[in-house]
Structure formats: C-alpha cells, structure tokens
There are 2 protein chains.
Amino acid sequence: MAAGTASSKAQTIADEVRRRIVEGQWRQGDRIPDEADLAIEFDAARATVNKALQLLANDGLLDRRRKAGTRVTVDPVRKASFTISIVREQVEQAGMAYSYRVVAQRESPVPDEIAARVGLAQGEVLVRMRAIHYADGQPFQLEDRWLNLHATPALAGVDLRQLNANEWLVRNAPYLRAEMAFSAENADYRDARLLETRPGRALLVLYRSTWNDLGPITTVRVAFQPGHIVGTEGNFWSGLHHRSRMPRANARQSP
Amino acid sequence: MAAGTASSKAQTIADEVRRRIVEGQWRQGDRIPDEADLAIEFDAARATVNKALQLLANDGLLDRRRKAGTRVTVDPVRKASFTISIVREQVEQAGMAYSYRVVAQRESPVPDEIAARVGLAQGEVLVRMRAIHYADGQPFQLEDRWLNLHATPALAGVDLRQLNANEWLVRNAPYLRAEMAFSAENADYRDARLLETRPGRALLVLYRSTWNDLGPITTVRVAFQPGHIVGTEGNFWSGLHHRSRMPRANARQSP
DNA sequence: GGAATTTCTATGTCTAGACTTATTCTGGTT
DNA sequence: AACCAGAATAAGTCTAGACATAGAAATTCC
C-alpha cells in the first residue's frame with residue numbers, strides 16, 4: 001500500500017500534493033495551504049516545499065501567484081514533450097542497418113514562404129538539400145532541408161554530399177531557439193518515389209527550424225515513412241518494428 | 001550588444017553558459033568548470049549555479065554526473081514540448097464560434113487492441129463515444145473516445161450526450177500519467193464524412209491515453225481537419241485561421 | 001597483473017534565514 | 001461609488017553552510 005521508492009524529499013512532497021489533487025482532496029480551483037504551512041506539515045524547509053510546488057506548477061497542475069497563493073489549476077493545460085534524437089542512432093538502436101543518401105544539393109534563393117518562416121530577407125541564397133534516411137534498406141525518412149551558411153560558417157568547408165547534415169548540425173551547431181510542428185500530408189509523386197510508397201499515402205510530416213545568435217541555421221521538412229508514429233515517453237517509437245500499425249502494449253506502473 | 005532583460009541570477013548564469021556553448025568556447029564533450037569555480041566567477045552561491053546548470057541539463061545541453069563533473073552534451077537529444085489545451089478554448093481564442101456534437105455513444109467491450117494499449121483486461125466494458133468539435137460550423141476535430149467509468153466513478157452520473165467529455169475530464173479527472181502519439185492516416189469514409197472532406201485526405205491523428213491510480217481513464221483518437229498543424233511555442237496554432245497551409249511568419253526575438 | 005578496498009571529489013539535496021517583488025487587501029479621500 | 005496610498009502577504013530568489021551519494025581515482029592486497 002505504501003508507495004515506496006524513496007526519492008528526494010521535494011519529490012516526495014510533490015507526489016503527496018499530486019495525490020491529494022488526484023484524489024479530490026484538493027479540487028480544481030481550490031487554494032492549497034501556503035508554503036510555510038506545508039513546510040511545517042512536511043517538516044521541511046520552505047525552499048524545499050517551494051521546489052516541490054514549482055515542479056507541479058511546471059507540470060501545469062498548480063497555478064501560483066504571489067500573494068494570491070497556490071491553487072489547483074482549473075484547466076490544466078498539459079504539456080507533452082517529445083524528444084528528437086539523431087536519426088542514425090534511432091535506427092541503430094532498433095537493431096537495423098542505417099544508411100543515408102543525398103538526393104539533391106544545390107544553392108538557390110529561398111522561396112518567400114521559407115524566408116518568412118525563418119525570418120530571412122527574401123531571395124537570400126541558401127543551400128538546399130534533399131536526403132533519405134534508410135533503415136535496413138527501407139526508406140525511413142525523407143528530409144528537405146534549407147541550410148544557412150551564414151549562421152554556421154564552419155559548414156562552408158564541409159562536403160555536404162558526403163555528410164549527414166542532420167548529424168553534423170546536431171553535433172556542431174547548437175541552437176538557441178527551435179520550433180517544431182507536425183502535420184499530415186498526402187504524399188506527392190516525389191515523396192512517394194523517394195519513400196517507395198504510393199502517391200496519396202498519408203505521411204506524418206515534421207517541420208523544424210533552428211536559430212542561433214547569427215540567425216536561422218536550418219529549416220527542414222521531414223516526411224516519415226507511412227504509418228510512422230511519434231510518441232512521448234522518451235523517444236520516437238518508430239514504425240521501425242516491422243511497420244505495424246499501433247503496437248505498443250504497455251504496463252501500468254506506480255510512480 | 002549586452003543582452004538586457006534582467007531576469008533571475010540563475011537564469012543569467014544559465015544564459016551565459018549557454019552562450020559559451022553556442023559560441024564554441026566550450027565544445028561538445030568538454031568538461032566545464034565545476035560549480036564551485038563558477039560560483040566564484042559569477043559571484044553567486046553554489047546552489048544558484050547548481051540551479052542554473054540543472055536548467056541547462058534539463059534542456060539537454062549539459063550532461064552532469066557526480067564526481068565526473070559537467071560536460072557539454074555530445075548528442076544533444078532535444079526535447080520539444082507541446083501544450084494541449086481544451087478544444088473549446090482553442091477555438092474561441094481564435095475568435096470563432098465553438099460547437100460540439102456527439103455522434104454516437106454506447107457501452108461496449110473493448111477491442112483487444114485498445115485493451116492492450118491502456119493495460120486493461122480483454123473484453124472489459126467501456127463507454128465509447130464519437131464526437132465532433134466545430135469551429136464556425138466547420139468540423140475542426142473528430143474524437144473517438146473510450147471511457148473507463150471505473151476510474152472515474154463521478155462520470156457515471158453524468159449525461160454524456162449533453163456533455164463535452166474532453167472538457168469534463170480535463171476539469172474533473174486529473175491524471176497521473178499520460179501518453180501521446182502523433183501519426184498520419186488517410187481519412188476513411190467515416191472520417192471523411194464527419195470531417196466533411198474526401199476519403200484519402202491525409203489527417204493528422206493524435207492518440208492520447210491517460211491514467212490515474214484507479215487505472216486507465218480514457219483513450220482517444222483525435223483526427224484533425226485536413227491541413228491542421230500542431231506546433232510548439234505554447235499552443236496548437238491550428239489551421240483555424242482560414243485553412244491556410246503553412247502560414248506563420250514569425251519574428252526572431254531575443255530571449 | 002588483476003581484484004577489492006579506500007579515498008576523495010563534484011554533484012545532489014536540504015536548511016534556516018534574509019531579502020525582493022507582485023498582488024491583494026484595506027482604509028481613507030474625494 | 002470611484003480612486004488612490006499604504007500595509008500585508010505569499011511566492012520568488014538568493015545565500016552560506018551542511019551532509020549525502022555516486023563514482024572516478026588511487027591504493028592495497030592477493
């Protein structure tokens with residue numbers, strides 16, 4: 001019956017507060033005791049209680065305002081976080097052979113749409129490259145990337161045809177800001193050909209742009225193999241395992 | 001040249017450390033000075049430096065291990081976080097009229113696939129409901145939901161046909177654990193009819209399941225209107241604005 | 001040489017106390 | 001009733017110091 005896993009004191013307090021909320025002892029909109037009182041109840045320093053409550057507030061479960069106190073959030077706006085790893089590692093971790101092929105690469109002026117997306121002047125010349133990532137020889141994802149050499153001077157000397165841009169950037173060009181968006185698109189002829197599927201198939205598409213203090217580094221459209229799923233809980237849990245549809249059985253666990 | 005926005009001291013330290021990493025002063029894999037040294041350099045208490053570095057570690061930029069020290073992460077596995085708000089608010093915030101319609105609702109045994117997904121015994125009886133959310137009369141998203149009354153006894157007394165389950169749950173049934181996944185699917189006939197589009201259109205689909213300590217609360221498949229985009233930076237920034245394709249011009253800003 | 005043990009160090013966490021700051025509340029003034 | 005000033009309060013942050021703990025490095029022992 002007792003929970004068990006002894007973690008930090010702050011975490012323990014956070015868990016207990018969360019429990020009280022989940023079990024309805026403290027209801028949505030209620031004001032909960034202030035830090036000082038909780039500190040007494042849990043026999044902890046106020047700073048520790050503060051840390052615990054901040055954890056829950058970051059989780060969106062609590063609403064804290066100076067002087068007004070801490071309340072249980074009425075409309076918990078919850079956050080879900082996805083981790084983006086390096087494609088090659090993702091594939092290799094699934095025990096499959098990774099390969100990579102650059103399909104096209106050349107300098108060209110940015111289309112207005114892209115320029116607007118990343119905040120560049122119209123007509124600026126960027127490097128555009130299209131590449132495919134394979135898992136066990138099957139196309140796994142297709143990337144269509146615009147690279148801004150001005151933000152990453154070091155890249156200029158590199159032979160992009162040889163190199164995995166994704167990987168190079170991740171390792172050598174830390175960014176300050178990133179934006180991502182998911183959408184779904186019907187595969188066009190080019191998508192279909194490169195991903196070895198039929199035009200019209202629904203593809204999960206990820207747009208990602210990154211900036212450093214010199215400006216936009218890169219913006220990329222990543223189209224995944226049909227059926228691919230991107231989920232929380234640490235990683236992509238790819239359609240890598242034999243293209244199944246909605247696998248994933250998962251055990252419930254106590255936190 | 002100077003940054004400016006005076007925030008907390010910990011944040012300032014974090015920003016400076018981040019800057020050094022981004023500008024290459026501390027490179028991937030490098031060990032950075034330890035907390036005590038940084039505390040001296042920044043004239044701060046060690047606890048403050050600790051907080052700053054933990055911020056960056058949570059961001060995936062630093063790798064910290066006891067005794068081994070703090071190093072700049074070699075393969076920054078970056079996290080992107082999406083916020084999930086209540087549909088109605090999302091729609092209304094875009095200045096559009098919200099409406100909601102329950103299409104079907106009945107009790108039925110869970111299919112094995114769903115049971116496995118949420119960790120229920122096969123054949124358990126859940127409530128299944130299908131509903132549509134409209135923005136200005138246009139179908140905006142379609143939800144296909146399984147509800148477990150055992151985990152939310154309070155729901156039993158409620159008239160589901162009247163109620164927006166999404167909203168009721170968010171407000172009254174806090175969860176302990178959630179899982180989400182995105183995928184893309186071609187609209188089938190039912191999807192197409194309900195979303196008033198053509199079969200085959202690529203739909204962004206979100207699967208979400210939640211648990212509390214009594215077990216699974218609900219699992220839902222949400223299919224968005226074609227062209228819908230879900231992005232970081234706070235909110236879904238819906239295809240609500242007139243169904244455009246990839247709008248969103250955004251200004252760069254200094255943090 | 002290799003394994004087991006000890007030492008030592010950098011981070012993890014907590015504490016008590018102080019100060020800061022955003023807001024609410026209160027009471028007084030027009 | 002509307003407005004404004006000041007008091008009160010709860011969270012936000014920082015500090016100095018302490019102890020805990022993981023794990024690397026050095027040492028001892030076989």
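Because only heavy atoms are used, hydrogens play no part in the values below, and waters and symmetry mates are left out as well, while side chains stay in. Chain letters run A, B, ... following the sequence lines, proteins first, then strands; residues in each count from 1.
- For B/E167, the salt bridge (charged side-chain N to carboxylate O under 4.0 Å, His left out) partners two or more places apart in sequence, or in a different chain, are B/R88, B/R171.
- A sub-4.0 Å separation between OP1 or OP2 of D/dG12 and a side-chain N or O of B/S8 is absent.
- An OP1 or OP2 oxygen of D/dA10 is reached within less than 4.0 angstrom by no side-chain nitrogen or oxygen of A/T70.
- Residues that satisfy the salt bridge (charged side-chain N to carboxylate O under 4.0 Å, His left out) test with B/R20, not counting sequence neighbours, are B/E16, B/E41.
- Remark: B/K9 is in phosphate contact with D/dT15, judged by side-chain N or O atoms under 4.0 Å from OP1 or OP2.
- Legend: residues meeting side chain to side chain donor-acceptor pair (under 3.5 Å) with B/S183, ordered by chain and number and at least two apart, are absent.
- In this structure, the nucleotide among D/dA11, C/dT15, C/dT13 sitting nearest to the side chain of A/N50 is D/dA11.
- The side chain of B/Q54 contributes no N or O atom lying less than 4.0 Å from OP1 or OP2 of C/dT11.
- Partners of A/A47 according to the side-chain contact (heavy atoms from CB on, under 4.5 Å) rule, which considers only residues two or more places apart in sequence or in another chain, do not exist here.
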When you compare the protein's N or O atoms with those of nucleotides 4-9 of chain D, which come within less than 3.5 Å of each other, and at what distance?
unit_1, atom_1, unit_2, atom_2, d
D/dT9, O4', A/K67, NZ, 3.2

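- With sequence neighbours left out, A/D30 forms a salt bridge (charged side-chain N to carboxylate O under 4.0 Å, His left out) with no residue at all.
- Checking D/dT13, C/dT15, D/dA24 against the side-chain heavy atoms of B/R65 singles out D/dA24 as nearest.
- A/D59 has no carboxylate O lying under 4.0 Å from a charged side-chain N of A/K79, or vice versa, which leaves the two without a salt bridge.
- Place B/P33 and A/D43 on DNA chain C by their nearest nucleotides, and B/P33 ends up nearer the 5' end.
- Considering only residues two or more places apart in sequence or on other chains, A/R145 meets the side chain to side chain donor-acceptor pair (under 3.5 Å) condition with A/E143, A/T218.
- At the heavy-atom level, B/A44 lies under 4.0 Å from the strands shown only through sugar-phosphate atoms.
- Remark: aromatic rings of A/H133 and A/Y100 are close, center separation under 6.0 Å.
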With 3.5 Å as the limit, what N/O pairs link the protein to nucleotides 17-19 of chain C?
unit_1, atom_1, unit_2, atom_2, d
C/dA18, N6, A/R46, NH2, 3.3

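- Taking the salt bridge (charged side-chain N to carboxylate O under 4.0 Å, His left out) definition, one finds that A/R221 meets it with A/E185, A/D191, sequence neighbours left out.
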